[in-house]
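Source: prediction; values computed, not measured.
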Amino acid sequence: MLDRRKLILGGAAGLMLPDLRGALAQSPAGIGTFPEGVGADSVFIGLNMPLTGVFSGDGSDLKLGYELAIAQINAGGEIPAAWGLKGKGVLGRQIRHKIADTEGKPNVAVQAATQFIQRDKAIMFQGSVSSAEAIALEELASRDKVLYMVGIAGSNDVTGKNCQRYGFRSQQNAYMAAKALAPVVAKALGKTLKAAFLVPDYTYGQTVYDSFSKFSKEQGWTQVLKETVPLGTADYSSALLNIANSGADVFVNICFGSDAVASTKQAEQFGVLSSMKLVVPNLSSFQDKEVGPELMQGVYGSCDFWWTLEDRYPLAKTFVESFLARNTYRPRWGAHIAYMQTYLWALSVERAGGFNPVDIIKVMEGSKAQPYETTIGRVYYRAEDHQMVRPIPILRGKAPSAMKGPEDFYEVVDLVDGESVMNPPDLFGCKLGPYS
C-alpha cells in the first residue's frame, strides 16, 4: 500500500501549476489528429518497437512497460494517483493501443506509425530502440503534427541536429551518459590508461564514441584504437584481434542489443576480457543475463534505470513490484522508459486540460517550473531541445558470489545529477521548428 501522505502530495502537485492560459490560448483549434482522434470515452496511441532483430530483447521489455502503464492508468487507483493522475484513464478516457514490430528498421517504423496516424487517428505514438528509428519517427511526428515520445535512443542527434518540436526523449543522451560515466571509471580504474573502442557504424555508435572519447580523454585516458563495425555484425574476429593486440588497458564496447552480447562473448574468446577492463557506455537491457555475471563482473556502464532504485524512490518500488507480479521478472530499463514516459504523457495531458498536442508540448516545455516526480526522482524536459534533465545511474557488475539473487547483476555505484552533465542546448545544432 502506498503512503497516504505521498498520495496527498501527488494529488496536490496539480494545484501548483504555472499559469499556462496565455500560452495555451494561442494553440490551433485543430491540428494533426486532434480533435478527430479524441473519442467520447477513449483515445488511441500507437506503440512501435523491434520485437525481432538485433534489438528484440530491449524491444520486448519496452513493450511490457507500455502495457503495464496503460493498464494501470486505465484502471485508476492508488498507483496512478501517486503519480498525480485523477480517476480512471486520461481525462476520463480509456487508452486504446496497438503494437507494431519495427524490426529495428527506420522505414518499417515509419510505415507502422503512419498507419497508426492515418487509420487509427493516434493522438500520440511512442517507442524505438534504435536512434535511427527515433530520428525517422520524430520527423514523421513533426510533419503530421502528432506527438511522439521517443523510446530507447542514445544518440546526441535525437535531441541535437535532428530534434523536432513534436518529439521528447527521457533517456540521457550520449554526451550526458559519457560525462557522468567517465569520472567514475577513471577514479575506479585509473587516470592514465589506454583505451580501444569497438564502435557500431550508425548515429548511436558514432555519437557515443565522440562523447566518451572526449570525456575519457579529459580524465587522462589515451585512445590507441577505434574499430568500426556494421550494425548486426555476426563475426567480430578481425576487429577483436586488432583490439587484443592493441596494448590497451580498457576495452570500450559501444555495441548495443544482441550485438553487445555477441561481441562481448567473442571478446572473451580472443582473450580481450582477461587482459583489459570492460567499459560499456550504455548497457543493454539483458546484456548481463545473456553474457553472464562471470564476464560482466566489474564492468562499468550507465543506464536509464536499475531495479534496486526501488530502495530510493517510492514510485520505483511500486513500478518494480507491479511489473514483477505481472511478468515474473524485474523490469529492465527498456520497460522503465516505456512506463515512465506513458505516465508523463498522461500527466501532461491532464495539466494541459486536453489532448491538443500544441498545448501538451507547451506543458512539457514548461516543466522546469513544475518538475515531474517519477521513478527516478524529480525530472523535467528542457524547453530548448526536449531532452529530459534527469539523474543517471552508473552501474558496476557484481561478482557471482556477491549476487543476492538471480537478477542482482549490478550495484548502483553513483547516481549522477542530470543538471551537472547537460550539454549546452545549442551544442548539437538543435532547431525545434514550429508548433503548427
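- Listed for the Ser128 side chain is a donor-acceptor partner under 3.5 Å among the backbone atoms of Gly151.
- Between Arg169 and Asp385 no salt bridge is recorded (no basic side-chain N to carboxylate O distance below 4.0 Å).
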Review item, side-chain donor-acceptor pairs of residues 174-192, under 3.5 Å, at least two apart:
residue : atom : partner : partner atom : Å
Lys191  : NZ   : Gln219  : OE1          : 2.5

Item to check | Residues Thr264, Tyr236; criterion side-chain contact (heavy atoms from CB on, under 4.5 Å); working and verdict | outcome: CA-CA 10 Å; Thr264 304; Tyr236 293 88; over 6 Å; no
Could you give the side-chain donor-acceptor pairs of residues 41-50 under 3.5 Å, partners two or more places apart or in another chain?
residue : atom : partner : partner atom : Å
Ser42   : OG   : Arg96   : NE           : 3.0

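- Between Arg332 and Asp288 a salt bridge is recorded (basic side-chain N to carboxylate O distance below 4.0 Å).
- Qualifying side-chain contact (heavy atoms from CB on, under 4.5 Å) partners for Ser274, counting only residues two or more places apart in sequence or in other chains: none.
- Interatomic distance, Leu344 CG to Arg351 CZ, rounded to the nearest 0.5 Å: 8.5 Å.
- In this structure a side-chain-to-backbone donor-acceptor pair under 3.5 Å is present from Arg93 to Leu91.
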Checklist entry - Can you check ring-ring contact (aromatic ring centres under 6.0 Å, His included) on Tyr66 and Tyr339, steps first, answer last? => result CA-CA 5 Å; Tyr66 288 132; Tyr339 182 86; over 10 Å; no
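- Taken to the nearest 0.5 Å, the OG atom of Ser56 stands 12.5 Å off from the CG atom of Leu62.
- Looking at Thr114, its side chain does come within 3.5 Å of a backbone N or O of Val110 through a donor-acceptor pair.
- For His386 and Tyr381, the ring centers sit 6.0 Å or farther from each other.
- Ring geometry for Tyr202 against Phe55 counts as tilted: the plane angle lies between 30° and 60°, on a 0 to 90° scale.
- The two residues Leu137 and Gly127 make their nearest non-hydrogen contact at CD1-O, 3.4 Å.
- Between the side chain of Lys265 and the backbone N or O of Glu290, at least one donor-acceptor pair lies under 3.5 Å.
- Taking each heavy atom of Asn74 and Lys88 in turn, the nearest pair found is O-CB, 3.3 Å.
- Listed by first and then second residue, the disulfide bond (SG atoms under 2.5 Å apart) pairs involving residues 153-260 are Cys163-Cys430 (not counting sequence neighbours).
- The aromatic ring centroids of Phe125 and Phe116 lie 6.0 Å or more from each other.
- Separation of the Tyr329 and Phe286 ring centroids falls under the 6.0 Å cut-off.
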Item to check | His336 and Trp307: CA distance, side-chain angles, deciding distance, side-chain contact (heavy atoms from CB on, under 4.5 Å) verdict | outcome: CA-CA 9 Å; His336 175 259; Trp307 65 267; over 6 Å; no
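- Ring centroid separation for the pair Phe319 and Phe305 comes in under the 6.0 Å cut-off.
- The CE atom of Met124 sits 11.5 Å away from the NE2 atom of His97 when rounded to the nearest 0.5 Å.
- Ion pairing between a basic and an acidic side chain is recognised when a charged N comes within 4.0 Å of a carboxylate O; Asp249 and Lys277 show no such pairing.
- Scored by the side-chain hydrogen bond (donor to acceptor under 3.5 Å, both in side chains) test, Tyr209 finds Gln223 as partners (sequence neighbours excluded).
- Within the 3.5 Å criterion, the main-chain N or O of Gly104 finds a donor-acceptor partner in the side chain of Thr102.
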Checklist entry - Taking it one step at a time, do Arg165 and Glu365 satisfy salt bridge (charged side-chain N to carboxylate O under 4.0 Å, His left out)? => result CA-CA 10 Å; Arg165 181 69 66 182; Glu365 289 176 344; 2.7 Å; yes
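- Between atom CG of residue Leu198 and atom CD of residue Gln266 there is a gap of 10.0 Å, rounded to the nearest 0.5 Å.
- A donor-acceptor contact shorter than 3.5 Å is absent between the side chain of Glu310 and the backbone of Glu321.
- Residues Val224 and Ala248 come closest through the heavy atom pair CG2-CB, 3.8 Å.
- With hydrogens and angles disregarded, a donor-acceptor distance shorter than 3.5 Å links the side chain of Gln287 to the backbone of Ser284.
- By the side-chain hydrogen bond (donor to acceptor under 3.5 Å, both in side chains) test, Glu411 pairs with Arg396, sequence neighbours left out.
- A distance of 12.5 Å separates CG of Leu347 from CD of Gln341, quoted to the nearest 0.5 Å.
- For the atom pair NZ of Lys194 and OG of Ser246, the computed distance is 8.0 Å after rounding to the nearest 0.5 Å.
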